[in-house]
Amino acid sequence: MLSALVGLMALLAVTPRMAQAATPAELLSAYSREAGSPPSATRGQQFFKATHGGEWSCASCHGSLPTQAGRHASTNKTIGALAPAANAERFTNPSKVEKWFRRNCKDVLSRECSAAEKADVLAWLITLKP
């Protein structure tokens with residue numbers, strides 16, 4: 001109960017800063033501030049491709065090349081390219097970003113991603129070019 005309350009307080013503290021973010025770089029900066037450490041694109045790539053003890057990785061749906069469209073592992077629905085350089089709409093709406101991180105991290109990790117994990121993945125995605 002206490003950890004859930006602390007988590008909620010942390011999210012509320014970060015949400016106002018992120019609500020103003022409009023670019024992937026601004027979101028990355030907000031996640032990095034929340035994490036209290038600089039992001040690592042190398043860690044982000046490793047995280048994206050790892051299964052973390054479960055069946056799925058981020059790449060299971062988004063593809064090993066997130067500059068191209070992916071396909072949902074269970075519904076087979078097409079998923080637009082995840083890398084911001086390949087899809088200008090990605091990481092521009094903070095509420096959507098948080099919604100999808102929450103859902104996808106629970107699918108892959110069985111928990112929400114930490115701010116450091118989000119920063120690492122976003123740092124890697126920002127480096128990708130179509």
Side-chain angles (χ1 to χ4, degrees):
M1 175 76 168
L2 182 58
S3 65
L5 181 58
V6 170
L8 178 60
M9 289 172 56
L11 177 63
L12 291 174
V14 145
T15 301
R17 287 189 303 241
M18 288 180 21
Q20 297 172 358
T23 69
E26 289 170 334
L27 282 171
L28 177 60
S29 178
Y31 287 132
S32 298
R33 273 194 313 272
E34 182 184 357
S37 60
S40 164
T42 300
R43 277 194 316 260
Q45 180 180 21
Q46 292 167 346
F47 183 92
F48 189 86
K49 294 183 177 187
T51 58
H52 307 278
E55 284 183 47
W56 290 358
S57 67
C58 304
S60 297
C61 296
H62 292 288
S64 60
L65 272 177
T67 55
Q68 300 171 356
R71 195 161 290 283
H72 193 276
S74 64
T75 66
N76 211 29
K77 277 179 138 178
T78 299
I79 299 170
L82 189 59
N87 185 342
E89 294 179 20
R90 291 294 190 179
F91 301 99
T92 58
N93 181 324
S95 60
K96 281 186 178 181
V97 171
E98 278 301 301
K99 169 188 161 182
W100 288 109
F101 262 134
R102 189 172 33 260
R103 285 184 185 182
N104 293 342
C105 291
K106 285 184 178 182
D107 285 344
V108 171
L109 301 170
S110 300
R111 64 169 173 81
E112 290 190 27
C113 288
S114 68
E117 291 164 335
K118 293 173 189 177
D120 289 347
V121 169
L122 185 51
W124 176 60
L125 292 171
I126 286 173
T127 69
L128 302 177
K129 304 298 177 222

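Here, residue 1 is the first one in the sequence, and each next residue gets the next number.
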Revision key, fill the gap. Minimal heavy-atom distance between P39 and A123, with the atoms involved, is CB-CB, 3.8 Å

Check your understanding: Among pairs that include at least one residue of residues 85-109, which meet ring pair (Phe, Tyr, Trp, His ring centres under 6.0 Å), considering only residues two or more places apart or in two chains?
Key -> Y31-F101

Exercise for review: For the pair W124 and F48, name the ring-plane relationship: parallel under 30°, tilted 30 to 60°, perpendicular over 60°.
Suggested key: tilted

Review point. Just how far is it from atom CH2 of W56 to atom NE2 of H72, taken to the nearest 0.5 Å?
Key: 4.5 Å

Check your understanding: Nearest heavy-atom pair of T127 and A41: which atoms, and what distance?
Key -> CG2-CB, 4.1 Å

Point to revise | Donor-acceptor contact below 3.5 Å, side chain N87 vs main chain L82 | key: no

**Study point:** Any donor-acceptor pair under 3.5 Å from S29 side chain to A25 backbone
**Key:** no

Review point. Nearest 0.5 Å, what's the OG1-CD distance between T51 and E55?
Key: 9.5 Å

Study note, to complete from the structure: Result for side chain to side chain contact (heavy atoms under 4.5 Å, CB included) between L27 and one of T92, L122, I126 points to L122

Practice item. Would you check if K106 and R111 make a side-chain contact, meaning some heavy-atom pair closer than 4.5 Å? Key: no

Can you give me every donor-acceptor pair (side chain of residues 59-68, partner residue at least two apart or in another chain, under 3.5 Å) with its distance?
from : atom 1 : to  : atom 2 : distance (Å)
S60  : OG     : S57 : N      : 2.9
S60  : OG     : S57 : O      : 3.3
S60  : OG     : S57 : OG     : 3.4

Review point. Going from SG on C58 to CD on E117, what distance comes out if it is rounded to the nearest 0.5 angstrom?
Key: 9.5 Å

Revision key, fill the gap. dist S74:OG -> R71:CZ (nearest 0.5 Å) comes out at 12.5 Å

**Study point:** Inter- and intrachain pairs under disulfide bond (SG atoms under 2.5 Å apart), touching residues 87-130, at least two apart
**Key:** C105-C113

Review point. Does any non-hydrogen side-chain atom of R90 lie less than 4.5 Å from one of L125?
Key: no

Review point. What distance do L28 atom CG and R33 atom CZ have between them, rounded to the nearest 0.5 Å?
Key: 10.0 Å

